[in-house]
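See below for the structure under consideration.
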Amino acid sequence: MDKQSFLSQPEVALFKDRLASWLSGDRFMEHPFHLRDKALPIDFPRHFSASTLETCFDHYHWGGLDYEDNRKQRELLHQNLQQALSRADTDALLAALDAALRWSTGGKGIKLYSQNQEWAEAHKDTLTAHMREALQTLESDNPDTEAFNERLRMNVGFTKVYALASDKLIMYDGRIGAALGLLARQHCMRKRMDLPAALCFPWAPGASSLNRNPSDERYHFRQLANRGGFHAEWMARASWLVTAAIEQAQAPWCKGPDALRRVEAALFMLGYEIPTEENHSKQFHYL
């Protein structure tokens with residue numbers, strides 16, 4: 001489905017308006033956080049709650065660092081990937097990809113890192129062409145994602161690499177999918193409507209036991225599994241949707257050159273753990 005057709009669907013347009021309102025400060029259901037990470041930035045609380053996306057952004061952390069420190073790392077990774085691709089420098093691209101995977105997966109001891117790094121080494125002769133084609137496809141307004149089922153690489157590690165290399169793409173890992181699914185569920189509940197296929201954001205479990213499934217008895221969301229084309233399609237759709245909502249939003253925190261990254265960070269935090277009925281009251285705040 002092309003960008004215009006997707007965004008012009010009435011149910012997508014309605015959710016885009018709701019997402020823009022949430023970005024602008026409207027509250028969603030109170031969301032509890034109980035952080036289990038070994039390392040947190042200095043003075044970061046382990047237990048808090050949030051009912052706005054800006055609050056989620058304010059509590060963003062990754063690798064023991066806050067948003068600003070991660071932004072600096074991301075900018076360097078972005079520059080190195082872009083320069084290696086523009087020069088078609090295979091060795092530089094391998095090094096930049098290795099650094100991007102280490103940052104995005106959590107380090108060399110992580111299976112997701114080693115599997116993707118080994119794949120990159122095995123395909124180094126075509127790696128530049130692969131990355132260029134993947135980015136061109138994902139950034140297209142009418143992407144043909146079938147190649148991700150065959151030649152092109154896509155998983156919860158590589159989606160972050162593509163987002164690091166691009167100015168237009170939001171990463172689509174299990175946490176982003178979980179967050180968008182959770183918001184879509186709350187939106188549908190508020191509108192007393194069934195879940196449309198266009199808002200059925202797929203999710204993926206993390207390495208830990210934290211719940212990432214936004215489904216409940218009425219609203220059911222599929223898993224990403226290992227279907228590259230399916231994953232790539234939703235990465236493109238999420239990028240279109242979030243970008244359109246940012247353009248419509250009226251809030252300083254998600255404006256400027258890194259607006260997409262700020263919203264990505266907020267969603268990343270919101271998807272840290274999806275509350276279940278057993279550990280979360282059903283008090284909704286739609287103000």
Side-chain angles (χ1 to χ4, degrees), residues 41 57 60-108 110 112-113 116-117 119-121 123-124 126-141 143 148 152-177 179 231-232 234-247 253-269 271:
F57 167 73
Y60 170 83
H61 66 281
W62 177 247
L65 302 176
D66 62 13
Y67 177 81
E68 183 60 26
D69 286 335
N70 271 292
R71 183 190 63 78
K72 296 173 183 177
Q73 291 191 11
R74 288 190 65 134
E75 285 186 356
L76 181 60
L77 294 169
H78 173 75
Q79 292 172 6
N80 290 342
L81 285 166
Q82 284 286 311
Q83 290 173 3
L85 286 168
S86 65
R87 298 196 305 262
D89 186 331
T90 300
D91 290 338
L93 182 56
L94 279 170
L97 186 61
D98 181 83
L101 285 169
R102 278 189 280 115
W103 177 83
S104 64
T105 62
K108 289 189 174 183
I110 306 298
L112 184 60
Y113 162 81
N116 282 315
Q117 194 275 339
W119 181 92
E121 285 285 352
H123 294 81
K124 62 182 179 181
T126 58
L127 189 59
T128 297
H130 171 104
M131 289 286 294
R132 286 175 173 175
E133 182 181 355
L135 287 168
Q136 183 178 20
T137 300
L138 291 167
E139 291 178 346
S140 170
D141 287 350
F148 285 94
L152 302 182
R153 185 81 165 173
M154 175 59 81
N155 54 42
V156 293
F158 255 81
T159 182
K160 299 174 184 178
V161 172
Y162 297 138
L164 283 168
S166 174
D167 294 318
K168 300 179 179 180
L169 299 171
I170 186 173
M171 71 181 187
Y172 196 97
D173 66 351
R175 288 171 66 159
I176 299 291
H231 194 157
W234 281 99
M235 182 177 181
R237 289 182 177 185
S239 299
W240 299 335
L241 174 66
V242 172
T243 298
I246 290 171
E247 291 173 354
W253 78 270
C254 58
K255 294 297 182 182
D258 66 334
L260 187 61
R261 299 300 156 224
R262 286 170 164 258
V263 176
E264 178 186 78
L267 293 171
F268 185 76
M269 282 305 300

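Under a cutoff of 6.0 Å and an axis angle of 45°, R237 and W240 do not form a cation-pi pair.
Residues A88 and T128 share a closest heavy-atom pair of CA-CG2, 4.0 Å. When all heavy atoms of P41 and L65 are compared, the pair lying nearest together is CG-C, 3.5 Å. Here the shortest heavy-atom pairing between C254 and V263 reads CB-CG2, 3.8 Å. Here the closest non-hydrogen pair linking K160 and S104 is NZ-O, 3.2 Å.
To the nearest 0.5 Å, the span separating CG on N116 from CZ on R102 amounts to 14.0 Å. With values rounded to the nearest 0.5 angstrom, H123 atom NE2 is found 12.0 Å from L94 atom CG. Atom-to-atom distance recorded for L127:CG and L93:CG is 4.5 Å, nearest 0.5 angstrom. For the atom pair CD (E264) and OH (Y67), the distance works out to 8.5 Å, reported to the nearest 0.5 Å. Between atom OG of residue S166 and atom CE of residue M171 there is a gap of 13.5 Å, rounded to the nearest 0.5 Å.
Proximity of a side-chain donor or acceptor of W62 to a complementary backbone N or O of W103 within less than 3.5 Å is detected. Proximity of a side-chain donor or acceptor of H78 to a complementary backbone N or O of L164 within less than 3.5 Å is detected. Checking side-chain atoms of T137 against main-chain N and O of P143 turns up no donor-acceptor pair under 3.5 Å. When atom types are taken as modelled, the side chain of T159 and the backbone of Y172 share a donor-acceptor pair closer than 3.5 angstrom. Of the possible polar contacts, none joining the E133 side chain to the L152 backbone as a donor-acceptor pair under 3.5 Å is found. Proximity of a side-chain donor or acceptor of D98 to a complementary backbone N or O of Q117 within less than 3.5 Å is not detected.
Counting heavy atoms from C-beta outward, V161 and R153 have side chains that stay 4.5 Å or more apart.
A salt bridge links R71 with E68; the closest basic N to acidic carboxylate O contact falls under 4.0 Å.
Relative ring orientation between H130 and Y162 is described as parallel, the plane-to-plane angle staying below 30° on a 0-90° scale split at 30° and 60°.
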